[in-house]
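Structure record follows, encoded as structure tokens.
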Amino acid sequence: MKRLVAVFWTVLMAVFVISVSAAPVENDFLLQTKNSTMSFHKSDNTWLMVHYGAKIEKAGDVNALAWSGWVGGNFFGHRKPATYSVYGSDNDRSTMNKFGGLAVIHADGVTSTELKAGDAKTVDDKAGVTHLVLELKDSVYPFFVTQHFRAVEASDVIETWVEIRHEESAPVKLMRMDSLALVFPLIAKEFHLLSLTGQWASENQLTEAPVALGQTVSMTSRSGVRSAFGNNPSFMLSVGDRATEITGRVIGGALAWSGSWSISVQHDYVNALAINAGSDTGNGPYTLDVGKTLTSPKMALTWSDSGKGQISRNLHRWARDQQLRDGHMLRPVLLNSWEGAYFDFNEKTLTDMMDGVKELGGEMFVVDDGWFARGKYARDDDKRGLGDWILNEKKLPKGLGWLANEAKERGLKFGIWVEPEMANTTSELVDAHPDWVLREKTRPLRQGRGGTQVVLDMTNPVLRDNIYGQMDAMITSIPGLAYIKWDANAEISNAGSTYLGADRQPNLWFDYTAGLYDLLGRLRIKYPDIIMKACSSGGAHMDYGFLRYSDEFWTSDNTDARQRVFIQWGAGHFYPSCAMAAHVTAVPNHQTHRSTPLKFRFDVAMSGRLGFELHPKNMAAEEITFAKKAVADYKRLRPVIQQGDLYRLVSPWEQSYASLMYVSEDKGKAVVFLYGLNRPVMSDYPAPLMLKGLDAGKRYRVTELNREKRDHSRVNGKTLGGAALMGMGLPVKLEGDYDSAVFELAAE
Ligand code: GLA
């Protein structure tokens, strides 16, 4: 009988748990991850976000401690911390919110919106994810917002986005349509904003400054294509004292969007903080038709009370588990033909490169730009051919299938370069369909790279079908195609679409990217196993929107190992090493003309997804011997480097050397990288590297890799305790500029 009762209770509890997970949410809700809480409270029919940060178990505690100034509304202009801050809602009984992340001109011309709480519920999602859905409706208009919060337990990331739709009598205009528009009442008196900025060949430069009282700091991209060309759509915000790698409260964010975007942080005159992020409407409102749903990009938020390093690790884990096409696959070592041949190749050049990468121990060969288009448009330089995704038969008479087979016979996988979003005006495609090019009908056409490059109108489904068809035909003509490098070397310079009507032209800025994702999604469904690299003039597709469809990004066209230390350092703040393509190239470097030792170039590239971009036939015998050993070690250690937790030890922005390390999840293995840059003073020796993330109780054998003539640590070969390595540091030595070292740590 006792057993029966127990079974009954177990069944009842199971039913209860299931029904709770699908149950409506009442007035308070704590959205939990492993170490953080986002807390919701309904007041006056408005959903408020009353806490985001440290993990708290009881709604009562949150509500008691949340600063309640917003309730009384004593301060002029003070805003309610609504879950979605909207232009036109009330701040209190007497003032109206003018900063909201959603601003709508309704069909009748009224410009304010007041969202009231409707249904709130959690819905089924993947294991380890709590997905909260808040239905919001305007108090007067049939205008609806569905707000999503998807909390990923393991990585401490909360994804949020909105769906906007209406049943008004005519289209509405969305002046702003952010994914995230949160208001935090006074939570600190000081904020510092870190982000990445740069330009071609200088991506991911770290920049950080206070957001002072009364200031709004905003970052934006209006490229429309090269989302990460100037600024990257991501940030870290220190709450209170400026955080370090290991201390301080930090909110991290990354917007998953490859089009134009804006992120702003406002520290207002009463010390409230507002964070807004979404697709940018700065060049005109989005016209939303009756019955259509606009789904905003996803914003990923994460929280840490132990500094910036943890924010990076959270985003990396989330990216691998939730966002990348395949975040757990071990990435192959490949050779890309670009810097080794540019446009100047024939079949023998490529098969020689295959022989070379095979000898080095690589696993894939990728033919870059120059293999396509025919006749007068044959792609022998960057002035013609984009848009015609057919074989350049003069260059490669035996065909792509033959080339792929040559790779296969050498035991290599085969990949190819494309740039489907763009065309040259000198192409069969544009000759036949000039209306598929983005252009403004009354203005001369601006043409980019090569003097002829233009952007295709991704809003047009007929154009998308054509490109899909061309890609599909190309892929099926290459048996076993394993990898596509998807490039995009232009921005929207002619902001006009012949597909969108005269009254819908500003929709281009959003619909271009929505169209691009439609195309990428269709290809992904048909070819789920093809690895995809996101490239855009180097690192300008380093965004989590594109990375939904791709496995990795080209980090920069700048392959100078010294400058790569900085570029990769920045990228690693938000994007995981498995996605960071890093290639060993020839010297003098083609971008900076600097010569660095081969070992330095390897040591830098081995901290990401290792590859090559050179012609191996130009390597000396001893270089090949070094490279073979390095590739073999990399392949052995890539589970740690590509999947491990990143710890940044010494910043190149602060010292004349840099150091970082990866630790496997079980803490059984680690790889430490040390890069000497340019020492200003002879006696500027590196301090012991204070290792992080090891198991204090384990003992690790230290082995130097890529070792040439001498040890870079006097404990090379020794076995030492994790506590000692973290507490006293790994003693290291560097000699001369661009000296570097890699250490493997293996627990015994
Ligand atoms: C861009 C890419 C390069 C290369 C060239 C080819 O610049 O970033 O890696 O593919 O295009 O034209």
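Computation of the quantities below employed the complete heavy-atom set of this structure, encompassing side-chain atoms and omitting hydrogens, waters and symmetry-equivalent molecules. Ligands are counted one by one from 1 in listed order, and the atoms in each one are counted from 1 as well. We number each residue from 1, following the sequence as shown.
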Below the 3.5 angstrom mark, is there an N/O of [X], backbone or side chain, next to an N/O of ligand 1?
{"X": "Ser536", "result": "no"}
{"X": "Asn489", "result": "yes"}
{"X": "Cys535", "result": "no"}
{"X": "Trp417", "result": "yes"}
{"X": "Arg379", "result": "no"}

Taking only heavy atoms of [X] into account, list the atoms of ligand 1 that are under 4.0 Å away from them.
{"X": "Ser537", "value": "8 (O)"}
{"X": "Asp557", "value": "1 (C), 2 (C), 3 (C), 7 (O), 8 (O), 9 (O)"}
{"X": "Asp369", "value": "6 (C), 12 (O)"}
{"X": "Gly538", "value": "8 (O)"}
{"X": "Trp554", "value": "8 (O), 9 (O)"}

Check: Looking at atom 1 (C) of ligand 1, what's its closest protein heavy atom, distance included?
Finding: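 Ranked first by proximity to atom 1 (C) of ligand 1 is Asp487 OD2, 3.1 Å.
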Notebook entry, point to check: Of the protein's non-hydrogen atoms, which lies at the shortest distance from atom 10 (O) of ligand 1, and what is that distance?
Noted result: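 Ranking protein heavy atoms by distance from atom 10 (O) of ligand 1, first comes Asp368 OD1, 2.8 Å.
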Pair [X], [Y]: side-chain N/O donor-acceptor within cut-off below 3.5 Å:
{"X": "Glu552", "Y": "Tyr483", "value": "yes"}
{"X": "Asp543", "Y": "Ser227", "value": "yes"}
{"X": "Thr426", "Y": "Asn424", "value": "no"}

Notebook entry, point to check: Please walk me through it: do Trp371 and Phe343 pass ring-ring contact (aromatic ring centres under 6.0 Å, His included)?
Noted result: CA-CA 8 Å; Trp371 60 266; Phe343 291 106; over 10 Å; no
Next item on the list: Might you work through the side-chain contact (heavy atoms from CB on, under 4.5 Å) test for Tyr377 and Asp431, ending with a clear yes or no?
Entry: CA-CA 11 Å; Tyr377 296 139; Asp431 281 349; 2.6 Å; yes
Checklist line | Greater than 12 external heavy atoms within 6.0 Å of Glu393's CD | finding: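 Not buried by this count: 12 neighbours or fewer within 6.0 Å.
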Margin query: If you count every heavy atom of other residues, nucleotides or ligands that lies below 6.0 Å from Arg222 atom CZ, does the total exceed 12?
Written below: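 Counting other residues, nucleotides and ligands, CZ of Arg222 exceeds 12 neighbours.
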Checklist line | Row check, Trp554 ring normal vs Arg564 NZ/CZ: under 6.0 Å, within 45° | finding: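 Verdict for Trp554: a cation-pi partner in Arg564.
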Notebook entry, point to check: Which is it for Arg449 and ligand 1 at heavy atoms under 4.0 Å: side chain, backbone, both or neither?
Noted result: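 Only the side chain of Arg449 comes within reach of ligand 1.
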Note to self: Taking 4.0 Å as the limit for heavy-atom contacts, which would you say applies to Asn336 with ligand 1: side chain only, backbone only, both, or neither?
What the structure shows: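 Under 4.0 Å from ligand 1, Asn336 contributes no heavy atoms.
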Note to self: Using heavy atoms and a 4.0 Å limit, tell me yes or no: is Lys485 in contact with ligand 1?
What the structure shows: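 It does, in that a heavy atom of Lys485 comes within the 4.0 Å cut-off of ligand 1.
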Notebook entry, point to check: Any idea which heavy atoms bring Gly450 and Lys383 closest together, and the distance?
Noted result: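 Heavy-atom minimum between the residues: O-CG, 3.5 Å.
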Checklist line | Ionic contact status for Asp352 with Lys617, cut-off 4.0 Å | finding: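 The answer is no: the pair does not qualify as a salt bridge.
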